[in-house]
**Student:** 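I'd like to ask some things about the structure below.
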Number of protein chains: 2
Amino acid sequence: MKLLSRLIRPALGYASLLSIGLSGQCFAQTAPVHTIPARTIPTPTTVSPELQKVIARTCRLPSSPPPRTNEEWEASIHASDAEGDKSFDQLQKKFHVTVEEGKLGGVTIYDVKPDVIPEEKRRRVLMHVHGGAYVYGGGKNAASEGMILAHYGEIEVIAVDYRMPPKFPFPAALDDSVAVWKELIKTHTPRNIGIFGTSAGGGLTLAIVIKLKELGLPLPGAIMAGTPWADLSKTGDTYVTNEFVDNVLCTSNGLLEAAAKLYAGTHDLKEPLLSPIYGDLSGFPPTVLLSGTRDQFLSNTVRVHQKLLQSGVEVELLVFEGESHAQYAADVPESAIAYKEVAEFFDRHLDR
Amino acid sequence: MKLLSRLIRPALGYASLLSIGLSGQCFAQTAPVHTIPARTIPTPTTVSPELQKVIARTCRLPSSPPPRTNEEWEASIHASDAEGDKSFDQLQKKFHVTVEEGKLGGVTIYDVKPDVIPEEKRRRVLMHVHGGAYVYGGGKNAASEGMILAHYGEIEVIAVDYRMPPKFPFPAALDDSVAVWKELIKTHTPRNIGIFGTSAGGGLTLAIVIKLKELGLPLPGAIMAGTPWADLSKTGDTYVTNEFVDNVLCTSNGLLEAAAKLYAGTHDLKEPLLSPIYGDLSGFPPTVLLSGTRDQFLSNTVRVHQKLLQSGVEVELLVFEGESHAQYAADVPESAIAYKEVAEFFDRHLDR
């Protein structure tokens, strides 16, 4: 009997749910928090050597608090933009695209064209809204992700360089995007147009569709919301479970929290046009969502996925092994796989 | 200048990837492991109160090492089965199903029927293979998950009580499943039949299809592989990132590792029929995969997802907020959502 009771314990630790015994009565304790011991996590061997190098980079926390004044924000933005500028030419060369600055609906845009556009895709266009926590990533860097998808999708991309804080908080980004949309639907059938973005750009993509519904404007034929910042209030499980595991965001406290507040201004962070997870997502066009197993925004992504499914929307979820926030856009072989899957998604769903 | 350099740092910690600057040169250090500090993670507020209670249960590690002898395994299995038996009647009542034990192809099966089967589903059947690390979950508990899907899918389920270690290691489980399949296709059109399972049952579902391909037998019309144990060798990122975060498996060392070895016997853990992630997944029927953000098998799930996508298979991925391994089968409102989505998947893909 002593042997038996010694052996019952290991089994009870697992068996109930493993065998779908369901009731889970084997777990005795209930606690408001889990305590996770300190630990080291190795780089996974299940991704390409190039991605392994990216995953192996350690989380580096800022050495100073986030900017507090408009001047400090502008200096921070300037420094970030300068960093992004360095890789711009390299990206353009790598992806064989031309990038032309212009205006559409009074808004600065970058018209990104791949070298060759197949006949069947010439009536299509993708509108892109960049990431960067609604603060960073403006100027010509607004065209970065557009270059990737223009290349893999063999399609023209109009990247919106929307106005941002500290001068132009919410809803300037949304207003600018809608202004560009109104122009695009003058020259293109709406169902020939896709909208896409990553991180803040993913959240903004969702917010744009909610706004278009509110305005009674035609909706795009399909959208991609990559690891969308769908909840600016830091609500969601992986904000905590993947804290420090995600080597891009590291934590959503500090800078990210400050950026959310700067963008929201006097508005509540949970307003649907700021945090689209709280919006009405019914009637959305087919949507593809991307995230990674280490992504702090994995919960943002899967919550949007479930809400879209339950709203009857056609939606696909892609979650990439070992990747932190937006790392599907890193310069690794997995990036080509991700954007080709997105390109095929738009191919299947946009009209010609 | 001093101000500027102070402000550059916070921006560089995030801006590159957030703004899809891509090159990631902002991260200076590369290390083979990440060190994650000890921390407490709260229960998410983004799930139902019932699921919050399930998530709040703390990870309870076994107080003793895994069984070492056949006698110790059998005692452990007996104790686990007895625990599962307690909830059997309750499940049957809750899901309004009849369960009848029988034989098919010489294998013990449980024929699970919902009270009402709509006319259009009467020619269909789902074959189920249970979870339990290829060791636990046999006997009448083999019918547990079948009861859930029989109910939500309004469809007959044949649950296979396949032989297991310590007496019957690999490939007994697979052989028994194939034997049942051969009988089922005598009375049903193969494309009217689905196969499904969770955990070990999810891995076995994938292995069955690989085996049917090898044997040149007809394939099912669709399958569900829930959080599949697709890699028995503990290879995959969330085996480590979600260690102790997952309150069902807690860790894949100890009991789970011992069960894998017991099942594999003299075979290599990476043989495709044991770890189907290493198999040829081309030509698979439409597949739905389930996991959770805290699941230790999230990597198993997303690796299978990507491999199926890249093999040209129609596949859907569902990842549930805050859930640990197989917790979509827990007695919570989210369970109804999950199994209804699976039922709709089979509805869309099975012939009539």
Side-chain angles (χ1 to χ4, degrees), chain A residues 4 6-11 13 15 17-23 27 29-31 33-38 40-42 44 46 56-58 62-64 75-76 79-80 84 87 131-133 136-137 141 144-145 199 237-238 240-241 244-245 248 255 293 298 302-303 317 319 321-322 326 329, chain B residues 4 6-11 13 15 17-21 23 27 29-31 33-38 40-42 44 46 56-58 62-64 75-76 79-80 84 87 131-132 136-137 141 144-145 199 236-238 240-241 244-245 248 255 293 298 302-303 317 319 321-322 326 329 331:
Chain A
L4 184 64
R6 189 175 73 75
L7 291 167
I8 288 173
R9 286 296 299 280
L17 266 159
L18 271 179
S19 64
I20 314 303
L22 295 178
S23 59
F27 297 102
Q29 290 172 277
T30 295
V33 294
H34 286 278
T35 301
I36 312 290
T40 54
I41 52 173
T46 41
R57 290 169 188 155
T58 55
S63 55
S64 54
S76 170
S80 170
S87 50
Y136 303 103
N141 288 306
S144 299
E145 192 180 21
S199 191
D237 196 43
T238 59
V240 285
T241 57
F244 309 122
V245 174
V248 175
L255 185 64
T293 61
L298 176 60
V302 306
R303 289 173 69 206
L317 172 66
V319 179
E321 167 75 346
Chain B
L4 186 62
R6 189 175 73 75
L7 291 167
I8 288 174
R9 286 296 299 279
L17 266 158
L18 270 178
S19 62
I20 313 300
S23 60
F27 298 102
Q29 291 173 278
T30 296
V33 294
H34 285 278
T35 300
I36 312 290
T40 53
I41 52 173
T46 41
R57 291 170 187 154
T58 55
S63 55
S64 53
S76 170
S80 170
S87 50
Y136 303 103
N141 288 306
S144 299
E145 191 180 20
S199 192
D237 197 43
T238 59
V240 286
T241 57
F244 309 123
V245 174
V248 175
L255 185 64
T293 62
L298 177 59
V302 305
R303 289 174 69 206
L317 172 67
V319 179
E321 167 75 345
D331 186 14

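Predicted, not measured: the structure shown is a model, and the values here were computed from it. Each chain gets a letter, A, B and so on, in the order its sequence line appears, and its residues count up from 1.
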**Student:** To the closest 0.5 Å, what do you measure between OG1 (Thr46(B)) and CG (Asp237(A))?
**Tutor:** 6.0 Å
**Student:** Give me the atom names and distance for the closest heavy-atom approach of Val302(B) to Val319(A).
**Tutor:** CB-O, 3.3 Å
**Student:** Just so I understand: if I count every heavy-atom pair under 4.5 Å between each of Thr238(A), Leu298(A), Thr241(A), Val245(A) and chain B, which residue has the most?
**Tutor:** Thr241(A)
**Student:** My understanding is that only one of Ile36(A), Thr40(A), Ile41(A) makes a side-chain contact (heavy atoms from CB on, under 4.5 Å) with Ile36(B); could you say which?
**Tutor:** Ile41(A)
